[in-house]
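Values reported hereafter were calculated over all heavy atoms of this structure, with side chains retained and with hydrogens, waters and symmetry mates removed. Order of the sequence lines fixes the chain letters, A, B, ..., with proteins taken first and strands second; residue numbering starts at 1 for each chain.
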Number of protein chains: 2
Amino acid sequence: MNAGPDASTPSPPQPTRPARGRSTRQKTAVNRALDERQDFVSAQELFALLKERGEQVSLATVYRILQQQQREGRVDVLNPDDGEALYRRCAVQTHHHHLVCRQCGRAVDIEAPAVERWTARIASEHGFTEAEHTVEIYGTCPDCSRP
Amino acid sequence: MNAGPDASTPSPPQPTRPARGRSTRQKTAVNRALDERQDFVSAQELFALLKERGEQVSLATVYRILQQQQREGRVDVLNPDDGEALYRRCAVQTHHHHLVCRQCGRAVDIEAPAVERWTARIASEHGFTEAEHTVEIYGTCPDCSRP
DNA sequence: CTACATGCAAAGAATTTGCAAATCA
DNA sequence: TGATTTGCAAATTCTTTGCATGTAG
């Protein structure tokens, strides 16, 4: 997507694209859950969470809403090795990375212009074009490592 | 990129465990294919490739061999967004990253001590322990971008 | 009213697993 | 021989889709 990591771009005053489509009970519920729990969660977890809470939203709809928001750039997505995608409503809308807790999904947004520049340089040095990159750090957060 | 014998490296943590288990026709075939085609391929592609070539190996076995080698640290695995894991026999056995062509799977090994240090620092600054990271660069290689 | 949203169940895909038969050492 | 390996098919998981019905605007 982002072909030229341009860290020097001044934060554009265009935060969240206005939510598309109609406003429905389901979207509201999903959004509320995402806003409250600002940790990475899987679609299935989110679904369980909503159900537990009494909200009636089908799993398919959760997936649909999630991918719609992904398209709109309103949620960040992670693809860990274990085959379950993780979603999160991020504070920052600009390109950034994450330091994620494996246990609870809690995450810290990381911005690192130096890394952006580095990846761009590596790619161009090897003649690769349209470079994108993936940089995520996984660990155990202070709370979860406390015995 | 340069992964050559580094005499100055302090005793490297024994990465290449001797191939385990028995040697079989199937393992030989899979290994040969992996060694020849040193690009990232999915299990399914590898399976098709072997079949095409006349080698008789079942898909399940390809998966089993691949995950065994992964455990042994003999292949690197990538988890792109599109849900298919990609495997590759790497020249380097030490920790490194990749610059991968989206089209053909061709990859360049990248070593970047600075990035390693950076991720470790970020994690510890936030009190995260047992930090690991994912750093991959995707792009279009010179050959594939040629019209 | 009518295009978009949702629910449900079925479909898909990638990967794993149970188990009997084949095979390497 | 005897423990591994393999093949095959069935099972699992996460995710997507088809279609009839519901509903926001």
side-chain hydrogen bond (donor to acceptor under 3.5 Å, both in side chains) involving Asp81(B) - partner list, sequence neighbours excluded: none
Counterpart residues, side-chain hydrogen bond (donor to acceptor under 3.5 Å, both in side chains), relative to Thr134(B) (two or more places apart): none
Between C1' of dT15(D) and CG of Leu66(A), the distance in whole Å: 11 Å
Proximal nucleotide (of dT15(D), dT15(C), dG7(D)) relative to the Ala85(B) side chain: dT15(C)
Sequence neighbours excluded - salt bridge (Lys or Arg N to Asp or Glu O under 4.0 Å) pairs with any residue from residues 43-53 of chain B: Glu36(B)-Arg53(B)
Sequence neighbours excluded - ring-ring contact (aromatic ring centres under 6.0 Å, His included) pairs with any residue from residues 41-91 of chain B: none
Between P of dT15(D) and CD of Gln44(A), the distance in whole Å: 6 Å
Those residues that, when tested against Glu55(A), pass salt bridge (Lys or Arg N to Asp or Glu O under 4.0 Å) (two or more places apart): Arg32(A)
Touch class at under 4.0 angstrom, heavy-atom based, for Gln67(B) against every strand present: sugar-phosphate
Interatomic distance where CD belongs to Glu84(B) and P belongs to dT15(D) [whole Å]: 15 Å
Degree of bending in the helix from dC1(C)-dG25(D) to dA25(C)-dT1(D) once both end axes are built from five pairs, to 10°: 30°
Atom pair distance, as rounded to whole Å: CD1 in Ile65(A) and C1' in dT15(D): 15 Å
Residue pairs, two or more places apart or on separate chains, that pass ring-ring contact (aromatic ring centres under 6.0 Å, His included) and touch residues 107-147 of chain B: His95(B)-His133(B), His97(B)-His133(B)
Ignoring hydrogens and angles, write down the donor-acceptor pairs under 3.5 Å from the side chains of residues 101-115 of chain A, residues two or more places apart or on other chains.
| residue | atom | partner | partner atom | Å |
| --- | --- | --- | --- | --- |
| Arg102(A) | NH1 | Glu130(B) | O | 3.2 |
| Arg102(A) | NH2 | Glu130(B) | O | 2.8 |
| Arg102(A) | NH2 | Glu132(B) | OE2 | 3.1 |
| Asp109(A) | OD1 | Arg88(A) | NH1 | 2.7 |
| Asp109(A) | OD1 | His96(A) | NE2 | 3.2 |

Give every pair of a protein N or O atom and an N or O atom of nucleotides 19-25 of chain C that lie under 3.5 Å apart, one pair per line with the distance.
| residue | atom | partner | partner atom | Å |
| --- | --- | --- | --- | --- |
| dC24(C) | O2 | Arg22(B) | NH1 | 3.3 |

Any residue of residues 45-60 of chain A with a heavy atom less than 4.0 Å from an atom of DNA chain D: Leu59(A), Ala60(A)
Atom pair distance, as rounded to whole Å: CD in Gln26(A) and P in dT6(C): 5 Å
Arg121(A): side-chain hydrogen bond (donor to acceptor under 3.5 Å, both in side chains) partners, not counting sequence neighbours: Glu125(A)
Between Arg74(B) and Gln68(B), a side-chain donor and acceptor under 3.5 Å: no
Partner set under ring pair (Phe, Tyr, Trp, His ring centres under 6.0 Å) for Phe40(A), not counting sequence neighbours: His98(A)
